[in-house]
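Notes follow the structure.
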Protein chains: 2
Amino acid sequence: MILKSQVEWALHCCAILAGLPEGRYLSTKALAELHGLPKEYLSKALQSLSQASLVETTLGPSGGYRLARAPSEINFLEIVEAVEGKALSFTCTNIRANNPCRAEGYCDSKPCAVARVMWEADEAWRDTLRRVRLSDLVGTLSEEVPAELWRSTFEWVLKRAG
Amino acid sequence: MILKSQVEWALHCCAILAGLPEGRYLSTKALAELHGLPKEYLSKALQSLSQASLVETTLGPSGGYRLARAPSEINFLEIVEAVEGKALSFTCTNIRANNPCRAEGYCDSKPCAVARVMWEADEAWRDTLRRVRLSDLVGTLSEEVPAELWRSTFEWVLKRAG
DNA sequence: AAATTAAGGATATAAACTATCCGAAAATCG
DNA sequence: CGATTTTCGGATAGTTTATATCCTTAATTT
């Protein structure tokens, strides 16, 4: 049960987009170079963010991506689900229904007890991600990343933002 | 991020093994027929449980599997990890290290802030599974499964346990 | 001695993930 | 206007993982 690498990419890209000045866009090319990622494939992750309405896009030179909402209004779960999908990690195939002792046409009133536990764990995972906002990540980063690196990174990025 | 179907199979099999009388074993064949699962492939899941020391085995007719510990001493996480592995769901490839603005030889003091959030969520998932014991599942099942089905299932199973 | 069983290796198929390439449409800029 | 840049989506291909089956070996029971 491993998350796609695109999840990591999308989170880091959102962190950068969150630091962009108002009204500026950042292209796939710039984000790929900044993180050392394959441009064409990263593009798929960014398209997922776009489809989830987490980012807005514009075409042409100086075009690219920017956040569709304030970083405080975007949480980790939204970003993760945008690229990973919303499917639950546990799929119940209802194997209890194959019990040869069951009466023909018998119908369970509740979802399988095994599935309920697994789904509860899934929900705990989602809850944790839901509680962390993109602005929390930016706050942590600006504390932990050396100020000079933080500054030069955005200088580098803005030079590529047209 | 989807769990293997073997996780579901292992949990249901453990629930049945938890209801076996002291000293009895249940074969792969019986467990596969009870749940309508491919015997050879289910065998791999049971082997995983065996390698994790969650079950004990014996060979020959009337051989098979039994729990290695009391159901109250086995939790969901142990079973899930036995077949799914213990790898964390999020892998940090440290893409921040590719930032072209970073000084040569610069070394981060802390793990990546993105990874820390993802790992916290992972731990919340594991915590939930760790808190549910196999005996809890058996308790729920014996409440929810109709008594007659519950009884006849174990009768069926014991007939195949030699 | 014969039948049954777990264990593990080998193999085959299907699905998912990773990655690249291309064309279309839209926006910018000279 | 025309050239460039960009997102977007489709097509495709390679790699890895999951699913499934088969077969041999060794141990155990009857």
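A, B, ... follow the sequence lines: proteins, then strands. Residue 1 opens every chain.
We find that CG of B:L17 is positioned 11 Å from P of C:dA6, with the value rounded to whole Å. Summarising the geometry, the separation between CD1 on A:I2 and P on C:dT18 is reported as 10 Å, rounded to the nearest angstrom. The CD-P distance, from B:Q47 to C:dG8, rounds to 6 Å in whole Å. Note: CG (A:L54) to C1' (D:dT7) measures 17 Å, nearest angstrom. For the pair B:R24 CZ and C:dT5 P, the computed distance is 14 Å after rounding to whole Å. D:dC22 atom C1' lies 10 Å from atom NZ of B:K44, rounded to whole Å. Rounded to whole angstrom, the span from the CG atom of B:L46 across to the C1' atom of C:dA6 amounts to 10 Å. Atom P of nucleotide D:dT4 and atom CZ of A:R160 are separated by 21 Å, given to the nearest angstrom.
Counting only distance, with no hydrogens or angles, the side chain of A:E84 and the backbone of B:M1 share a donor-acceptor pair below 3.5 Å.
Scanning for side chain to side chain contact (heavy atoms under 4.5 Å, CB included) contacts around A:L149 gives A:V145, A:P146, A:S152, A:T153, B:N99, B:C101, B:R102, B:Y106, with sequence neighbours left out. Residues meeting the side chain to side chain contact (heavy atoms under 4.5 Å, CB included) test with A:T128, sequence neighbours left out: B:E120, B:A121, B:A124. Judged as a side chain to side chain contact (heavy atoms under 4.5 Å, CB included), and not counting sequence neighbours, the contacts of A:A18 are A:L67, A:P71, A:L134, A:V138. Scored by the side chain to side chain contact (heavy atoms under 4.5 Å, CB included) test, A:E33 finds A:K29, A:W156, A:R160 as partners (sequence neighbours excluded).
Closest-nucleotide positions on DNA chain D for B:L3 and A:S50 were compared, and the one nearer the 5' end corresponds to A:S50.
Of the residues in residues 79-101 of chain A, none has a non-hydrogen atom less than 4.0 angstrom from any atom of DNA chain D. The stretch residues 27-40 of chain A touches DNA chain D through A:S27, A:T28, each having a heavy atom under 4.0 angstrom from the strand. The stretch residues 6-13 of chain A touches DNA chain C through A:W9, each having a heavy atom within less than 4.0 Å of the strand.
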Start with the C-alpha gap between A:Y25 and A:L20, add the side-chain angles, then the distance that decides, and say whether side chain to side chain contact (heavy atoms under 4.5 Å, CB included) holds.
CA-CA 8 Å; A:Y25 292 85; A:L20 275 188; 5.8 Å; no
Go through it in stages, so that I can follow the logic: the residues are A:M118 and B:L11, the test is side chain to side chain contact (heavy atoms under 4.5 Å, CB included), and I'd like the CA-CA distance, side-chain angles, deciding distance and then a yes or no.
CA-CA 10 Å; A:M118 296 305 294; B:L11 288 166; 3.8 Å; yes
Please evaluate residues B:W9 and B:K4 with respect to the criterion side chain to side chain contact (heavy atoms under 4.5 Å, CB included), reporting the C-alpha separation (whole Å), side-chain torsions for both, the decisive distance (0.1 Å), and the verdict.
CA-CA 9 Å; B:W9 303 355; B:K4 304 179 193 176; over 6 Å; no
Report the C-alpha separation of A:F90 and A:D122 in whole Å, then their side-chain angles, then the decisive distance to 0.1 Å, and conclude whether the side chain to side chain contact (heavy atoms under 4.5 Å, CB included) test is met.
CA-CA 8 Å; A:F90 181 84; A:D122 195 282; 5.8 Å; no
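At the phosphate of C:dT20, neither OP1 nor OP2 sits under 4.0 Å from any side-chain N or O atom of A:Y41. The phosphate of D:dG9 has OP1 or OP2 within less than 4.0 Å of a side-chain N or O from A:Q51. Distances shown here put every side-chain N or O of B:Y25 at or beyond 4.0 Å from the OP1 or OP2 atom of C:dT4.
For the pair A:L37 and A:H12, the minimum side-chain heavy-atom distance is 4.5 Å or more.
Side-chain atoms of A:N94 and A:R96 form a donor-acceptor pair, as typed in the model, at a separation below 3.5 Å.
Between its two ends, the helix from C:dA1-D:dT30 to C:dG30-D:dC1 turns its axis by 10°, counting five pairs per end and rounding to 10 degrees.
For residues 7-19 of chain B, there are no salt bridge (Lys or Arg N to Asp or Glu O under 4.0 Å) pairs, not counting sequence neighbours. Note on residues 71-82 of chain B: pairs passing side chain to side chain donor-acceptor pair (under 3.5 Å), not counting sequence neighbours, are B:R69-B:E78, B:E81-B:R126.
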Sequence-aligned protein contact record of nucleotides 25-30 of chain D, with B where the base is within under 4.0 Å of a protein heavy atom and S where only the sugar-phosphate is:
--BBB-
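Within the 4.0 angstrom heavy-atom criterion, no nucleotide atom of any strand lies near A:E56.
Between A:L54 and A:I74, the shortest heavy-atom distance links the atoms O-CD1, 4.0 Å.
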List the atom pairs, with distances to 0.1 Å, where a side-chain N or O of residues 41-53 of chain B and a protein N or O form a donor-acceptor pair under 3.5 Å, not counting sequence neighbours.
residue : atom : partner : partner atom : Å
B:S43   : OG   : B:Q47   : NE2          : 3.1
B:S48   : OG   : B:K44   : O            : 3.1

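A salt bridge is absent between B:R116 and B:E123: the closest approach of a Lys/Arg side-chain nitrogen to an acidic carboxylate oxygen does not fall below 4.0 angstrom. Comment: A:E143 does not engage B:K110 in a salt bridge, judged by the lack of any side-chain N to carboxylate O separation of less than 4.0 angstrom.
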